Engineer: 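Once you've had a glance at the structure underneath, I'll fire off some questions.
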Amino acid sequence: MEDYTLLCPQMAPIHFALFDVTFAWRGHNVVVLSEVDRNAIEDGLRYVNNDACYPAIVVCGQLIQALKSGKYDLNRTGVLISQTCGGCRSTNYRALLDLALRRAGFSNVKVLPFNVNVVKSGGTASLAGRFDVDLAFVRKMLVTVLYGDLLLLLSNRCRPYEVIAGSTDALTSVWLGKLREIILQDKRYSISKCMNDIVADFEKLELDVSVRKPKVGVVGEILVKYHPDANRNLVTTIEREGGEAVVPGILDFMLYCLSSDQHKKPYADVSFFAGLKSKLAIWIIEKYRDKIRYAMRNSKRFEPPKQFHHLVEKARKVISTCNQTGEGWLLTGEMVELIEDGCPNIVCVQPFGCLPNHITGKGVFKELRSKYPIANITTIDYDAGTTEVNQLNRIKLMMSVAQKNIKEK
Ligand code: SF4
């Protein structure tokens, strides 16, 4: 399918810098769109009704802008869009995108959804005859996400303390380049070695840790959490204000989606095998994530990611894990885990009007503050029309409390 181009909207720059080669390994020509500018958002607003979620506007706008650019043969171009298949509006992004493409005059461009059902189907699932997903590809995708999560964790930990400005991002770019070659080579043994080498290189970065900086967790809706253009460079803002951003990895979101049958089983008609399949899949994925834990086993600089079941237990302290719409209980679980792990400062981000995440995000703040009086949480809504000043003021206020707390400590 190399003669057919699939356009993929951006979401998380580190992870998505590797996704096109993961697809190329299978012979698919996927182009990950790089950034979202104001014109792309205007295109989104023009072709998607403005009551749609902000991520839908960002994603549709970015794709339409790319199609309008004239760079692609429209008869041999499709668009790839991820779906969560839950009860949330994101499941309907495909319909929104279909309509937006028709309105923009691109009705011949096919929309190929990539969702958890395609992955769960295990064997070969063919999407419109253009795109195959099998277990080897799912495994490759999983390893790519793990590399992305590892680089995200290491770079966020080092950047605020780097002695040579830009050295962390430069090392991240070097490794992204190497990983692109490694992913294409397909050598099984290289996963552990690669992770060990990546951690070793970041251990060698020269850091000045003489000044303690407050850690600030970033949780929320998946697109605005990871996409710097959608969240107005939140991580950079936190670092500029003197903090260290802690952004949980994308793998936990995937496990959250995969675990839904287990949590529903006591209350809904879920078969024994569906629950078992979900447990088995998570167990296997955690075995792969053990490679990151092993690479960090002797590190004093880096904290390895926790097992997924810890996150489930943390969420259950505050909320039922049957909250599975949007980021659902994962959002609460990540906040509890951050607070209990010594990161009481949290920015909870969501698109304006994102109901599910208001319930499991903002809706649990009162309970979190009463359970953990040290919690210093702020919430920020993102929308095409919100002003940056309000968002910045909220971050500054949260940071001033965080700085005060750390000095008192
Ligand atoms: S999680 Fe929120 S922003 Fe995302 S689709 Fe659901 S309602 Fe929209």
Side-chain angles (χ1 to χ4, degrees), residues 8-12 15-16 36 40-41 44-45 47-63 79-100 111 113-117 217-232 234 247-260 263-264 311 315 319-335 346-365 377-386 391:
C8 172
Q10 179 59 258
M11 190 180 81
H15 297 72
F16 278 51
V36 181
I41 292 176
L45 287 169
Y47 299 111
V48 180
N49 200 23
N50 64 343
D51 70 344
C53 305
Y54 182 48
I57 290 168
V58 171
V59 164
C60 294
Q62 193 183 20
L63 289 167
V79 299
L80 193 63
I81 183 150
S82 58
Q83 288 179 310
T84 53
C85 285
C88 203
R89 287 183 272 177
S90 61
T91 307
N92 301 312
Y93 281 4
R94 186 205 170 154
L96 286 177
L97 184 56
D98 269 333
L99 183 63
V111 178
F114 187 72
N115 58 46
V116 78
N117 286 339
V218 177
V219 297
E221 191 277 337
I222 188 158
L223 185 117
V224 286
K225 178 177 171 186
Y226 294 109
H227 196 326
D229 291 336
N231 65 27
R232 292 193 163 125
L234 180 58
V247 187
I250 290 183
L251 190 74
D252 283 326
F253 180 78
M254 291 168 61
L255 297 183
Y256 155 77
C257 295
L258 275 175
S259 72
S260 57
H263 306 299
K264 276 191 279 191
L311 208 49
I319 202 168
S320 160
T321 47
C322 287
N323 284 281
Q324 295 179 3
T325 306
E327 273 59 31
W329 64 262
L330 176 75
L331 185 42
T332 312
E334 284 182 341
M335 287 195 279
I346 294 172
V347 184
C348 180
V349 294
Q350 65 265 310
F352 182 76
C354 169
L355 182 63
N357 290 345
H358 269 77
I359 293 167
T360 54
K362 207 173 180 175
V364 300
F365 283 7
I377 318 177
T378 190
T379 174
I380 302 183
D381 287 354
Y382 290 89
D383 196 352
T386 47
Q391 295 163 343

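Every heavy atom of this structure was used, including side-chain atoms; hydrogens, water molecules and symmetry mates were not. The model shown is predicted, which means the values in this text are computed figures rather than measured ones. One-based numbering, in listed order, for ligands and for the atoms of each.
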Engineer: From atom 2 (Fe) of ligand 1 out to just under 2.8 Å, does an N/O/S atom of C354 turn up?
Structural biologist: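 Yes - counting backbone and side chain alike, C354 has an N, O or S atom under 2.8 Å.
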Engineer: Would you mind running through ligand 1 and noting each atom that sits below 4.0 Å from a heavy atom of N357?
Structural biologist: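 Answer for ligand 1: 1 (S).
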Engineer: How far is atom 8 (Fe) of ligand 1 from its nearest protein heavy atom, and which residue and atom name does that atom have?
Structural biologist: C53 SG, 2.3 Å
Engineer: Rounded at 0.5 Å granularity, tell me how far CE in M254 sits from OG in S259.
Structural biologist: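 One finds 12.5 Å between CE of M254 and OG of S259.
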Engineer: What atoms in ligand 1 come closer than 4.0 Å to a heavy atom of G326?
Structural biologist: 1 (S)
Engineer: Does Q350 reach ligand 1, in the sense of a heavy atom lying below 4.0 Å from it?
Structural biologist: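 Q350 does not count as a contact of ligand 1 under the 4.0 Å cut-off.
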Engineer: If I take atom CD1 from residue I250 and atom NZ from residue K225, how far apart are they, to the nearest 0.5 angstrom?
Structural biologist: 8.0 Å
Engineer: Atoms of ligand 1 less than 4.0 Å from P356 heavy atoms?
Structural biologist: 7 (S)
Engineer: Please list the nearest protein heavy atom to atom 4 (Fe) of ligand 1 with its residue and the distance rounded to 0.1 Å.
Structural biologist: E221 OE2, 3.6 Å
Engineer: Below a 4.0 angstrom heavy-atom separation, can you tell me which part of L223, side chain or backbone, both or neither, approaches ligand 1?
Structural biologist: neither
Engineer: Would you give the length of the straight line joining atom CD of Q324 to atom OH of Y256, rounded to the nearest 0.5 angstrom?
Structural biologist: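 Spacing of CD (Q324) from OH (Y256) equals 6.0 Å.
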Engineer: Identify the closest protein heavy atom to atom 3 (S) of ligand 1: which residue and atom is it, and at what distance?
Structural biologist: P351 CG, 3.4 Å
Engineer: In the protein, which heavy atom is nearest to atom 5 (S) of ligand 1, and how far is it?
Structural biologist: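 Result for atom 5 (S) of ligand 1: S90 N, 3.1 Å.
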Engineer: For ligand 1, is any non-hydrogen atom under 4.0 Å from Y54's backbone (N, CA, C, O), its side chain (CB onward), both, or neither?
Structural biologist: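 Neither; no heavy atom under 4.0 Å.
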Engineer: Would you name the heavy atoms of A230 and Y382 that are closest together and state the gap between them?
Structural biologist: O-CD2, 3.4 Å
Engineer: Considering the heavy atoms of E327, write down every atom of ligand 1 situated less than 4.0 Å from one of them.
Structural biologist: 1 (S)
Engineer: Provide the closest heavy-atom pair for A384 versus I41 in the form atom of the first, atom of the second, distance.
Structural biologist: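 Answer, listing the atom of A384 first, then I41: CB-CG2, 3.8 Å.
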Engineer: Which heavy atom of E221 sits nearest a heavy atom of N357, and at what distance?
Structural biologist: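 Residues E221 and N357, closest heavy atoms: CB-ND2, 3.3 Å.
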Engineer: So which heavy atom in the protein is nearest atom 1 (S) of ligand 1, and how far is it from that ligand atom?
Structural biologist: C88 SG, 3.4 Å
Engineer: Picking from K362, Q350, H358, what satisfies side-chain hydrogen bond (donor to acceptor under 3.5 Å, both in side chains) with T379?
Structural biologist: Q350
Engineer: Between N231, I380, L234, which is the residue that forms a side-chain contact (heavy atoms from CB on, under 4.5 Å) with Q391?
Structural biologist: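 Only one option passes, and that is I380.
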Engineer: I need the contact type for A56 against ligand 1. Using non-hydrogen atoms and a strict under-4.0 Å cut-off, is it side chain, backbone, both or neither?
Structural biologist: neither
Engineer: Could you grab the distance from atom CD of E327 to atom SG of C354, nearest 0.5 Å is fine?
Structural biologist: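 If we round to the nearest 0.5 Å, E327:CD and C354:SG are 7.0 Å apart.
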